[in-house]
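Notes for the one structure printed next.
Here the structure is a predicted model, which is why all the values come from computation and not from measurement. Start at 1 and go down the list; that is how both ligands and their atoms are numbered.
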Amino acid sequence: MPLVGLTHVALERWLHQVSTMLIVRTLSDLRAACATLRTQHGGLGFVPTMGALHDGHRALVRAAVASGVPAVASIFVNPLQFNATEDLSRYPRDEAGDLAALEACGCSLVWLPDVETMYPPGEATTIALTGPAERWEGDARPGHFRGVATVCAKLFGQVRPDRAYFGEKDWQQLQVVTRMVADLLLPLEIVGIETVREPDGLALSSRNRFLSPEGRASAPVLNRVLRDTALSLASGAPTEPALNAARGRLTEAGFAVDYFALVDGPTLAPIDCPDPTARLIATARLGTVRLLDNVPAQ
Ligand code: PAF
């Protein structure tokens with residue numbers, strides 16, 4: 001059973017039940033719990049989430065646990081990263097299921113802030129981004145990365161982890177957060193974890209549940225086309241025709257392609273030929289569901 005809240009008695013009990021996960025909902029409880037864990041174990045790993053957890057999130061928590069320090073996870077559906085055309089209320093929520101999943105993979109502490117704690121009345125500060133936040137998702141979802149970066153900076157300040165874990169599936173997000181941490185000289189390391197996939201190659205995502213049965217059947221084509229394109233680029237095929245052929249295959253399979261591009265991995269700038277950091281990135285829609293995926297291009 002997870003412990004909820006942090007009275008002195010609860011803190012004492014928690015300290016003596018190492019496998020018990022603590023759930024905190026106030027900043028003072030979070031700070032007390034993080035300080036205790038840090039003193040006892042010499043560090044913290046952190047997995048920020050918006051809930052609706054799947055095996056991709058579990059892999060992040062397991063990586064944090066495997067690093068030898070306690071894992072802290074947050075669940076906060078961040079309004080600032082949704083724009084006016086995106087329905088925040090439609091975002092899947094399953095707090096009980098998420099807490100059970102986190103406890104099962106060895107998470108020590110879960111932070112469940114409310115909107116007022118994350119965005120206090122009168123707040124006037126957000127993070128402005130250029131570089132890897134430009135283009136792609138930055139164009140498709142104006143303001144999205146400002147919201148992601150701002151909430152991550154706040155969460156990092158609250159938890160003060162040594163490392164924070166992000167999935168490679170959201171490649172651009174991973175690069176935006178990595179760049180922000182470097183630019184703001186924040187004292188933590190960002191660790192990218194390989195995308196977890198269904199057996200047919202579909203990248204796990206909380207959006208997959210919205211696919212129709214026909215959409216679910218077509219969805220793995222996105223990863224297949226990315227992998228095939230990476231292979232043809234590696235065997236010397238010219239880039240632009242290979243990218244056009246990929247877009248054509250996706251359109252034939254019923255996708256509306258937002259972008260399919262070869263980019264420099266860290267900066268997300270488009271490039272003409274693959275190099276060791278290059279990434280093929282793609283976003284394509286099946287009905288109303290936007291699927292994102294990416295693979296190394298070499
Ligand atoms: O990837 C997500 O779930 C979110 O963008 C994150 C990093 C938790 C920030 O709200």
Exercise. What are the two closest heavy atoms between Q81 and R141, and how far apart are they?
Worked result: O-NH2, 3.9 Å

Exercise. Sequence neighbours excluded, which residues qualify as side-chain hydrogen bond (donor to acceptor under 3.5 Å, both in side chains) partners of S232?
Worked result: none

Exercise. Nearest protein heavy atom to atom 2 (C) of ligand 1, by residue and atom, and its distance?
Worked result: Q173 NE2, 3.9 Å

For this session: Output every pair passing ring-ring contact (aromatic ring centres under 6.0 Å, His included) with a member in residues 55-86, not counting sequence neighbours, ordered by first then second residue.
Result: H54-H57, F82-Y91

Problem set entry | Proximal ligand 1 atoms for F166, defined as those under 4.0 Å from one of its heavy atoms | 7 (C)

Exercise. Minimum heavy-atom separation for L44 to R160, with atom names?
Worked result: CD1-O, 4.4 Å

Problem set entry | Side chain, backbone, both or neither: T49 near ligand 1, heavy atoms under 4.0 Å | backbone

Problem set entry | Residue V151 vicinity, atoms of ligand 1 by number, heavy atom under 4.0 Å | 9 (C), 10 (O)

Exercise. Closest approach of Q172 and W136, non-hydrogen atoms and distance?
Worked result: OE1-CB, 3.3 Å

Exercise. Considering distance alone, does some N or O of Q81 sit under 3.5 Å from an N or O of ligand 1?
Worked result: yes

